[in-house]
Protein chains: 2
Amino acid sequence: MAGMEKFDQLKNHYKQLVPSMSEESWNITSSVLTVRTLKKGEYLVREGEVCNHVSFINHGLVRMFHAVEGKEKIIMFAHENEYTAEYQSFLTRRPANAYLLAMEDTELVETCYDDLQMLYQCVPEANLLGRMIAENLFLMMCDLSNHEAKSTIAGRYERLITEIPWLTQRVPQYMIASYLGITPEAFSRIKSKAAKKRSTIPVNY
Amino acid sequence: MAGMEKFDQLKNHYKQLVPSMSEESWNITSSVLTVRTLKKGEYLVREGEVCNHVSFINHGLVRMFHAVEGKEKIIMFAHENEYTAEYQSFLTRRPANAYLLAMEDTELVETCYDDLQMLYQCVPEANLLGRMIAENLFLMMCDLSNHEAKSTIAGRYERLITEIPWLTQRVPQYMIASYLGITPEAFSRIKSKAAKKRSTIPVNY
DNA sequence: CTTTCTCCTTAACCCAAATCAAGATTTAAA
DNA sequence: TTTAAATCTTGATTTGGGTTAAGGAGAAAG
């Protein structure tokens, strides 16, 4: 079947989570998958719409954000081999609270809501898989909340550049500022202070 | 069996989530449940420990908080007929980032990690149940994050007193302040302003 | 090569909330 | 009931980050 290889990344991901998954279960699963491509700047989901798909990112980069008083507050970034969705809306079937936007040309492998419910009924491994995906999403939210609660902005910045170095390569700084919950100006100040602190280490004349 | 009725609340909760659950599945499940009672002020989990149980609250009240610079930042409250755990630690088997503390004398019905994994293997409905619990936890985190992102402190306070009125009855205000992410002093001022605003409604002389 | 965006930086000023401090009020204990 | 502890309120001061504004550097487009 044409384009079958587009599901390979997702298949690998499934096999990692559930090594015991049968070929038959995979065949049923893959029969409801669809590929979608987005150009840089296109929306996956808009606030107010019901999010009807869970998407696995083959390649590309997506950001999720709230629009608050005309400005955007970025919640998260997602990239290759990760899932993305306004999963709250997807689960509750209620309008999304956030936007999802492709920041680069992006290829997705998607499952729609009804098909996923069908899989939960028909494929024995699906609930296990669904549990692991929900658990992972939950853990991600925890990490987010932990970092926001525990660190100063400066500390969170230090952590970000060491733990997610690719972010600073692929994302402009004003978006990182939004992700940290501050203005670009404040972010700029913090950066220069941090740099100054580093250079305060004693130097020989 | 002595104390069997202590599992009734949890059984009801399961039946609501998974009406099709068989008696046999319930019997296997209940065989790994244990009851624990805590006095007011006792810890369920301390930061740095691995959280080894998921707990269903029969009665009582629990708070979860981060310790940051000697002060506590409250993440959530949990009460009767809700689950509580440092679920991030429970899932990852890594040290907890937060404390869980009984704020009243509390009775819990618990499952330990190994038993739960066994249930996932042996009880067909368990993965479905586990998925629903993880999804619910995820949705709760989303709500939390949404409100923090979208509302002013004053707005979040208004929402709190209308949607969770029992909180103000059972929890001192300085803890509600911590939950909202502000100091008790700031909370006091916001409250008095909000009260003043209400009394500004035209009055006849 | 020059122009035009887009993005980043720096400075001056402002404000909401933190901090510091002192009382007042409520609750629990003795 | 009196005392002690915990909680809540109010005021004065400080401060981190927001806002506004203006200039600079890079990348893309012409």
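Letters go in sequence order (proteins before strands), and every chain restarts at 1. Just so it is clear, the values below take in all heavy atoms, side chains as well, and ignore hydrogens, waters and symmetry mates.
- Counting to the nearest Å, the C1' atom of C:dA24 and the OH atom of B:Tyr174 are 18 Å from each other.
- A donor-acceptor contact under 3.5 Å links the side chain of B:Arg189 to the base of C:dT19.
- Of the candidate nucleotides D:dT10, C:dC7, C:dA18, C:dC7 has the atom lying nearest to any side-chain atom of A:Pro172.
- Spacing between atom CD1 of A:Ile176 and atom C1' of C:dT9 amounts to 16 Å, rounded to whole angstrom units.
- For B:Lys40, no side-chain nitrogen or oxygen approaches OP1 or OP2 of C:dA28 to under 4.0 Å.
- The distance from atom CD1 of B:Ile190 to atom P of D:dC8 is 15 Å, rounded to the nearest whole Å.
- For A:Ala186, whose side chain is taken as the heavy atoms from C-beta onward, the closest listed nucleotide among D:dC8, D:dG17, D:dT19 is D:dG17.
- Summarising the geometry, the separation between CD on A:Glu185 and P on D:dA21 is reported as 12 Å, rounded to the nearest angstrom.
- The nucleotide whose nearest atom lies closest to any side-chain atom of A:Ser192 is, among C:dT10, D:dT10, C:dC7, C:dT10.
- A:Lys191 has its NZ atom 20 Å from the P atom of D:dG16, to the nearest Å.
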(message) The test is ring pair (Phe, Tyr, Trp, His ring centres under 6.0 Å); show your working for B:Tyr174 and B:Phe187 and say whether it passes.
(response) CA-CA 8 Å; B:Tyr174 74 93; B:Phe187 182 64; over 10 Å; no
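- Heavy atoms from other residues, nucleotides or ligands lying under 6.0 Å from CZ of A:Arg94 number 12 at most.
- The nucleotide whose nearest atom lies closest to any side-chain atom of A:Thr183 is, among D:dG18, D:dT10, C:dT19, D:dG18.
- Side-chain atoms of B:Glu86 come within 3.5 Å of backbone N or O of B:Gln88 as a donor-acceptor pair.
- Of the residues near DNA chain D, B:Gln173 and A:Phe187, the one whose nearest nucleotide (by heavy atom distance) lies more toward the 5' end is B:Gln173.
- Regarding A:Leu180, its CG atom lies at a distance of 13 Å from the C1' atom of D:dG17, rounded to whole Å.
- Defined by atom type and a distance below 3.5 Å, a donor-acceptor pair is missing between the side-chain atoms of A:Asp105 and A:His59.
- Remark: P of C:dT26 and CD of B:Gln169 are 16 Å apart, rounded to the nearest angstrom.
- Considering only the side chain of B:Ile153, C:dA17 comes nearest among C:dA17, D:dT7, C:dC8.
- More than 12 non-hydrogen atoms from other residues, nucleotides or ligands lie less than 6.0 angstrom from NZ of B:Lys15.
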